[in-house]
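In each ligand, atom 1 is the first atom listed, and ligand 1 is the first ligand listed. Remember, predicted model here, so these are calculated numbers, not experimental data.
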Amino acid sequence: MNLKNTFDKPTNFIRNIIDEDLLKGKYNKVITRFPPEPNGYLHIGHAKSICLNFGTALDYDGYCNLRFDDTNPSKEDIEYVNSIKNDVKWLGYDWNEEIKFSSNYFQKFYECALELIKKDLAYVCFLSSEEIRDYRGTLRKPGKDSPYRNSTVQENLKLFEKMKVGELKEGECVLRAKIDMKSSFMCMRDPTLYRIRFETHHQTEDHWCIYPMYDFAHCIGDAVEGVSHSICTLEFQDNRRIYDWILENLDAFNKPDRPYQYEFSRLNLEYATTSKRKLKLLVDEKHVSGWDDPRMPTISGLRRRGFTPASIRDFSERVGVSKVNSLTDISILESSIRDDLNSNAPRSMAVINPVKLVIENYPQEKVESLLAPNHPQNEKMGSREIFFSKEIYIDKADFQETAPNNKFKRLAIDKEVRLRNAYIIKALRVEKDDNGNITTIFCSYDPETLGKNPTDGRKVKGVIHFVESSKALPAEFKIYDRLFLDPNPSKFEDMSMVLNPDSLIIKNGYVEPNLKEAEIQKAYQFEREGYFCRDISDKGLVFNKTVGLRDTWNQ
Ligand code: ATP
Ligand code: MG
């Protein structure tokens, strides 16, 4: 059995608990589960939970189950089930055996409910939902017993059967645990275990019309699967009492090696929301193009944006596991992907805001073939063919007629710069349209400077990128910014109030010809511009900007 000192990851309180449990011999295998409700696409918060559950189990040679928490028949959809499976796999994890559904255990939940009724620990209650709330009291005021609390076991069995066979109406009654109406934990004041719902379930269809509540189903699901450590987020902290109460009162599960629940803080990311309901609203109200819009903090959005599974796993590791709720700085996510792509993305050149540049002393018909390294520090990544001729494109931002100061490292009239992977050029003059916009920059080049410095000792510090015009491929660039203007958009009920109107800017420019067959989602570093990947699009070459080269948030 592995213990924490056998792996190089920083430890956390959950690993400490596992270590202790293993030392005491409480379990002989670490079994976790990831239990998404299939009512939306997974987001970066889920990714943290996935990395924690699957990653921890893997570290200890255990396993993790993927269990769809589908106890709520409405809202759930098979489209979500499929996207969730896909996202977990993409992140690099595999679940144990086949996928689990809470609905697989409906019969088991029902039998457990019967056991509690027979032990006089559960009763059918006909109070309306408002009355139940009222009877429950408040933090300061103890609750009042329901008038149905003292029905006999026989009566409760009969009524529960009626609920099950559909003889009672939706909302007419519920099954409640008989715990303690005066408990200082509100959730222990006779929580609801089962309710009636005449709805078709996507797995069990019309077989059931009673559905268990999350608190009842979750712990039993864990116990049935032999889960050892049931890791969830902090909002379930109080509910841990119900979790324990239920398992301790069911004979089959009241054992030392039963599952126990541990809570960690949710991930909240700056300038994003991790509420599925709010993400769905953004999709439904068409503020974004879909769940996989590259501005969405969903796993599918991040994938389309160019994030790699390794970068998301690294991010989860960096943010760590704690019990303190906080807003995570978005630059942590960005530096995870930047670090990955800096080592792994091949370099290429793209001109996003093109302006034509003519080299007057270059031969008219000549198109020269040059070799450019794919990675400046990694020769193993090889090189590619680029082209050079009399007419090229450079970025508008790389030229000013007059250099503003001596530190200006780009092109200006009478100044020299190096064209990346090619020659040194000097700007001579410009041509403008009627509106005063520069249409062509005229230059000369120094033929002796391909891959070497000028022999007369001239120092040319600036380097700019370019694309040769006859072979350049037109491309669209989608440049993303944060979707919201406020770092904590979730605090606004109507988040559309704080949408960033410039979260997507589309530019049309050029890329090198070897990107003709660029793979979808494969990342490139467009030199001096940032990391980009090809978008899923039938419009030809479209590139999504994944992230800039440097952190520019705080500038
Ligand atoms: P909803 O409230 O819509 O049900 P949820 O966030 O609870 O959303 P689930 O699908 O139930 O979503 O979540 C599956 C698992 O992912 C749960 O164990 C949950 O604790 C975890 N999880 C969800 N959101 C986050 C988050 N922001 N950070 C960390 N873990 C999360
Ligand atoms: Mg949930």
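Contact check on D190 versus K178 returns no salt bridge, with no Lys/Arg side-chain nitrogen under 4.0 Å from an Asp/Glu carboxylate oxygen. Using a 4.0 Å cut-off between charged nitrogen and carboxylate oxygen, E225 and R67 count as a salt-bridge pair.
Taking every heavy atom of P36 and a limit of under 4.0 angstrom, the matching atoms of ligand 1 come to 10 (O), 14 (C). Of all atoms in ligand 1, numbered sequentially from 1 with element shown, those under 4.0 Å from a heavy atom of F264 are 29 (C), 30 (N). Every atom of ligand 1 is numbered from 1 in the order shown, and the set under 4.0 Å from a heavy atom of S49 is 16 (O), 21 (C), 30 (N).
Relative to atom 6 (O) of ligand 1, the option among E235, H218, R266 with the closest non-hydrogen atom is R266. Which of P297, C51, G45 comes nearest to atom 30 (N) of ligand 1 through a heavy atom is settled by distance: it is G45.
Backbone and side-chain nitrogen or oxygen atoms of T233 are examined, and one is located within less than 3.5 angstrom of a nitrogen or oxygen of ligand 1. On a distance-only criterion, H46 and ligand 1 share at least one N/O pair closer than 3.5 Å.
With sequence neighbours left out, Y262 forms a ring-ring contact (aromatic ring centres under 6.0 Å, His included) with H229. Not a single ring-ring contact (aromatic ring centres under 6.0 Å, His included) links F264 to another residue, sequence neighbours left out.
Within the 4.0 Å heavy-atom criterion, the part of F34 lying near ligand 1 is the side chain and not the backbone. By the criterion of a heavy-atom distance under 4.0 Å, the side chain of K276, and not its backbone, is placed next to ligand 1. At a 4.0 Å heavy-atom cut-off, ligand 1 touches H43 through the side chain alone. At a heavy-atom distance under 4.0 Å, atoms from both the backbone and the side chain of P35 approach ligand 1.
Tested against W208, the residues Y194, Y110, F109, F198 include a single ring-ring contact (aromatic ring centres under 6.0 Å, His included) partner, Y110.
Residue contact annotation: K48 has no non-hydrogen atom under 4.0 Å from ligand 1.
Between the side chain of H201 and the backbone N or O of P73, no donor-acceptor pair lies under 3.5 Å.
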For a side chain to side chain contact (heavy atoms under 4.5 Å, CB included) check, start with the C-alpha distance between D180 and M188, then their side-chain angles and the critical distance, and finish with the verdict.
CA-CA 6 Å; D180 177 7; M188 295 296 273; 5.5 Å; no
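Looking at every heavy atom in both residues, G62 comes nearest to K29 through CA-CG, 4.2 Å.
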